[in-house]
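Scroll down for the structure; my scribbles are underneath it.
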Amino acid sequence: MPSVSDSDELIFFVNGKKVVEKSPDPEVNLLFYLRKVLRLTGTKYGCGGGGCGACTVMVSRYDPKSKKIQYPFLGPGYALGERLAKCHGTQCGFCSPGMVMSIYTLLRNHPEPTPDQITEALGGNLCRCTGYRPIVESVKTFSPGSTVCQMKGSGQCCMDPDEGSFVSREEKICTKLYDKDEFQPLDPSQEPIFPPELIRMAEDPDKRRLTFRGPRTTWFVPVTLEDLLELKASYPKAPLVMGNTAVGPSIKFKGEFYPVFISPLRFPELHLVKNTENGATIGAGQSLAQLKDALDFLVSEQPKEKTKTFHALLKHLRTLAGPQIRNMAVRYLFFYKLSHSVYPFSVTEGEQQIPFDGAFFEGSPETNLKPEWVVVSVSIPYTTQWHFVAGLRLAQRQENAVAIVNAGMSVEFEEGTNTIKDLQMFFGSVAPKVVSASQTCKQLIGRQWDDQMLSDACRWVLEEIRIPAAAQGGMVEYRRTLIVSLLFKFYLKVRRWLNKMDPQKFPDIPEKFVSALDDFPIETPQGIQMFQCVDPNQPQQDPVGRPVMHQSAIKHTTGEAIFIDDMPPLDQELFLAVVTSTRAHAKITSLDASEALACPGVVDVITAEDVPGENNHSGEIFYAQDEVICVGQIVCAVAADTYAHAKEAAKRVRIAYDDVEPVIITIEQALEHNSFLSSEKKIEQGNVEYAFEHVDQVIEGEIHVEGQEHFYMETQSILAIPQAEDKEMVLHLGTQFPTHVQVTGVLQRPWDKLLCSLALQFPAYLTRIRKVIKGTSDVPSGSSGTTKAKITIVVYHRDLLATLSQFHSSGLPRTPILCVCNLMEDEAFCNRVISHRTGRPIRFILERSADMLITAGRHPLLGKYKIGFMNNGEIKAADVEYYVNGGCTPDESEMVIEFIVLKSENAYSIPNFRCRGRACKTNLPSNTAFRGFGFPQATVVVEAYVTAVASKCNLLPEEVKEINMYKQTSKTAYKQTFNPEPLRRCWKECLEKSSFYARKQAAEEFNKKNYWKKRGLAVVPMKYSIGMPIAFYNQAAALVHIYLDGSVLLTHGGCELGQGLYTKMIQVASRELNIPQSYVHLSETSTVTVPNAVFTAGSLGTDVNGKAVQNACQILLDRLSPIIRKNPKGKWKEWVAKAFEESISLSATGYFKGYQTNMDWEKEEGDAYPYYVYGAACSEVEVDCLTGAHKLLRTDIFMDAAFSINPALDIGQVEGAFVQGMGFYTIEELKYSPEGVLHSRGPDDYKIPTVTEIPEELYVSLVHSRNPIAIYSSKGLGEAGMFLGSSVLFAIYDAVTAARRERGMSDTFPMNSPATPEVIRMSCTDQFTDMIPRDDPSTFTPWSIHVS
């Protein structure tokens, strides 16, 4: 191959600045180039596959033919970033630049976007921590018309208090979270112009082939079709790359390598759009977005009867992938390689035309594409009057998800009849390639389009298309059901169409079937957020109680916030890649790293033998030694000069295993083998056994709740920098427990030598923090304490002892970062593990797939219950057992099960109550802390058995809930006294304001009129405990300095995780010192200033740190008070200057001892929590009984906030938690193989909610109450809203129950979580689920299993 010096120059512009790359390497992608070469780190690396939207940029192109500039996705304006920030549309900020770029591109193409355009533009960006609503709201501000409630056009808000409201007349309710008058206008004239130089280059008539040569690959850009054909003949195996949405992922995720690429972007033959007499011919190089535009135009120009195929395509194109992918992916792959849609088209091959028919998809020799051929165009024929075409698909979520099953179907009738003349049916995702049901279609030619034909078609198509029982992707019975369900939908559509053609000859379908014809529409969400207005007499300067913008929001939206991998490269920096176990339980018989050590750039391979201290801390194993106990356990790590070198070398480490029995993956297997991580925890009150003997009815059941992936946008990351002077080390990493970062053991260093500069966002959701953490421990150098480096760098993630502090997302999974410390330990260790004294910095950024494999997440849970109750619905006795799948090591499983047991009542007073819980030990990666800390799983069981009681009593679940709910000051089962008045208020407000009973009746009427779609409603109450049952975990400290210019520097022990803790602390300081917020600067959390800080967790961040900040400010104000009394009309700066002159200290430490909580497990009693947060949520859904899809129509949330310090932040926490909970209970599904291998390792396989999943209508109310023990009578709201997402789960089951009841089935059935489309569809048993073939479970090994 010619040398790199033969390469052409690459010229382009970035943010208006010209870039000339002399020797572009084809293996360097745009994201890497922007971040690592140009150092434009606002564009983030989230998943590396285009599935999350964090890397979104806008690429502008000039089309010399149309003379137009195209602005597809692939220098955001400040105005839109400002609006996103001021509308509170950012929390952690990692996804914000991608959001801004999506919005920016939308506004460049549509300056006044419609609601549909807004929703579509955001469909490829993930940000469940905000709940999406404020992001949508920020973009709506650019649209004409109001962004506030538009209910029924009455001009009166549906949520306004009425005479019967529980809102007192003194409490004025506000709904305004931002001031539109503060927005800067969007001025397109200030945007960069398209560079004239690039226009001249595009219009150059003498363009030549471009060749870009890298060290290993060559990239050709031909300029003519002849040139392209010549290159294809010379390199027949070279892939044609247009948008790189197929080849790129195969290289990144499958390790494929191509020495030559051909990119035919520069000539018009591949981009034509031609309307002919028989149809449309569209160039094969058009992107899917361009295809959509072309089809939209053709549909507008042609009669509807001719464009049925076009309409079917447009329907698919709306939800296929995200807009970023649609803007880059080309249509030929859409039709063929990716198999997302299957229709009868033809492909033009020079002088040849190859039809996309059954023979093509079956691989007939005469239709095979030869390697040297080039697909030039795709011809889409017009349909005739008696020809009908439809596309159908079902995916895990409505948008940006690969289909579980999709289908393209076409039928042509003899004119004027319903006699089948031609029939074609193609199915995708049922086999490795698209499958044609050709034999079924042949047998149906000449048949009448009637019910008998349908019956035969279903039977024959199931015989022809056989999905193996162990097929990849699983869901085998569901996919079989979808084949015939989608066929039935097509049958109904055609029946309806025939009726429209001739109502006299062809009878219409039953009216109850009509709703089955259409998929759920994608609506732009809207709603209202309600909170208590501040007292009109409160000084304007006082920010407490006001919706203040997150203090880092502008930095988030402009990309200025610095995350770990945004930090500049360091001299002699090394990179790490880990080697993980491929077996769940096995002995390591050999480990050969010789081939890896011989790879270019490799410095060393680190194993357990290289750990200078202990390799095990309290059961947490750092590197596997002799034995592996889960798939994904770290065995060794490779250090190299680049990440690419480290990753390639890691593949060459050879490990041999001998399997060990038993391999325990599920809770059931753990129970069978008596495998546990901890002893049983129990609380009990009353006489349970006696009560069971004196009730009217007793029911028993069990509920399975699967786990959840944290899916933080920034993966686990660390940068370790050794300091030669004083042998210190600086660590940049994410934590909510800075003190634990200092703990020594493996590093064998005193705490004051380990400096942790947390210049990062917590890997899930952390705003920009620049912290230097330095301890003051007396531990001598070289001591071998009881704490190890796993704690130093990892266990602060695992040993959180609680969940996030007012945090919107996840707990902290453990990270495999010990290897960083191993390399950096000291000179002697470096001599041993690196072979020379380097002391080089180490950067370790986990890939998304490795992060998901290694770190695990929320505990799967099995709940078993026995409930005794009276016929009126009153529950007299409950005996509940909980088991969680803890994984292979202790982690936080014991504390999770303690929290589950303590919180197991939820909102119900059951006089005879027993709850037991235990954590199971399995061969999975250890599950860990997660938002809600067990409560979201456990209370599903509670709500499930209450619903089961209601079914037995022929009552609404809401009626039974009210009967058994706490009604007056009471004691919990562990004997803690509390007042449930706020609970009752939230419950009643929710029922009334949501119009629950009226809407329930309307849903029942809807269900009577619709057989294949059903609606359901559910209301869930919540009593959520805040904080920890251990008193010293509730303490906090702060440090406040006042400078001579009057400015205030504030720091405290809490960690900003995106939840707005820093913002609230500024508000507290502003009020206490009676100064504007602008005077207060908050310095990053640091143990230099605040030592021994406890974790930011348990929703206590604002509570405890706010008290500490308040204490420090009050100390300072007391010192200033004599000066103020002498000069009461003076100004703040004058008082400060005078205090300095009088030698008064202007620095103070504040301290809060913490809430004095306790729990005695032997006595089964205690004051375990300082207070409770109460709430209620009502959700309404509609389900498609034929496919299992569901649509969330409306949610009303009422959350007891007491007095909100910052309503914007608190509402953001509630909404974000709700959406995360909704995802947990519905579409987020972890899939493990029976051997313990996690299949779902990225956004392609694991689906969190997108903007299309949130409620069409979302109403959130912060209910006012009193909480005198907390700062300003506030409450911590970070985690509580997670459980309210279960209102969606129970609304789904309400709808499914209606379907089952109509079909004559039992309305009591397992209410397991998540309620995925598969679960919903297979619960709606009907003739189609009955006809599918079923396999004997003993004859095959399934692709995936449930582990709860």
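Contact record, His316 with Gly391: NE2-C, 3.5 Å, taken as the closest heavy-atom pair.
Defined by atom type and a distance below 3.5 Å, a donor-acceptor pair is present between the side-chain atoms of Glu464 and Thr440. In this structure, a donor-acceptor pair under 3.5 Å is absent between the side chains of Glu112 and Ser143. Judged purely by distance below 3.5 Å, without hydrogens or angles, the side chains of Thr1187 and Arg1321 never pair a donor atom with an acceptor atom. Under 3.5 Å, the side chains of Gln424 and Ser410 contain no donor-acceptor pair of N or O atoms. With hydrogens and angles left out, the side-chain atoms of Asn125 and Ser102 include a donor and acceptor closer than 3.5 Å. Defined by atom type and a distance below 3.5 Å, a donor-acceptor pair is present between the side-chain atoms of Asp63 and Ser66.
With Gln398 as the fixed residue, the side chain to side chain donor-acceptor pair (under 3.5 Å) test singles out one of Glu1253, Lys1191, His1190: Lys1191. For the pairing with Thr119, the side chain to side chain donor-acceptor pair (under 3.5 Å) check across Thr1252, Thr1250, Thr524, Thr114 returns one residue only, Thr524. Of the listed residues (Gln1220, Lys1247, Gln708), just one forms a side chain to side chain donor-acceptor pair (under 3.5 Å) with Glu1228, and that residue is Gln708.
Gln290 places a side-chain N or O within 3.5 Å of a backbone atom of Ser287 that can act as its donor or acceptor partner. Not one N or O on the side chain of Arg133 forms a donor-acceptor pair closer than 3.5 Å with the backbone of Gln526. Distance alone, capped at 3.5 Å, places no donor-acceptor pair between the Arg326 side chain and the Ala329 backbone. Counting only distance, with no hydrogens or angles, the side chain of Asp422 and the backbone of Glu412 share no donor-acceptor pair below 3.5 Å.
With a 6.0 Å cutoff to the six-membered ring centre and a 45° limit on the axis angle, Lys1013 counts as a cation-pi contact of Phe520. Arg848 forms a cation-pi arrangement with Phe711, by the criterion of a distance under 6.0 Å to the ring centre and an angle within 45° of the ring axis.
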- Item | side-chain contact (heavy atoms from CB on, under 4.5 Å) between Thr1226 and Thr1316, worked out | CA-CA 5 Å; Thr1226 57; Thr1316 62; over 6 Å; no
- After noting the C-alpha distance and the side-chain angles of Thr281 and Ser377, does the key distance pass the side chain to side chain donor-acceptor pair (under 3.5 Å) rule? CA-CA 6 Å; Thr281 299; Ser377 62; 5.5 Å; no
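With sequence neighbours excluded, no residue forms a salt bridge (Lys or Arg N to Asp or Glu O under 4.0 Å) with Lys274. Annotation: salt bridge (Lys or Arg N to Asp or Glu O under 4.0 Å) contacts of Arg495 (sequence neighbours excluded): Asp451. Not a single ring-ring contact (aromatic ring centres under 6.0 Å, His included) links His311 to another residue, sequence neighbours left out.
Under 4.0 Å is where a charged nitrogen must lie from a carboxylate oxygen, and between Arg1241 and Asp1245 no such pair does.
If you take CD1 on Ile118 and CD1 on Ile135, they are separated by 12.5 Å, rounding to the nearest 0.5 Å.
The side-chain heavy atoms of Pro1249 and Met1222, taken from C-beta on, include a pair separated by under 4.5 Å. Residues Asn400 and Thr319 form no side-chain contact, since every pair of their non-hydrogen atoms from C-beta on lies 4.5 Å or further apart. No side-chain heavy atom of Val435 sits under 4.5 Å from any side-chain heavy atom of Phe426.
Aromatic pair Tyr45/Phe32: ring centres not closer than 6.0 Å.
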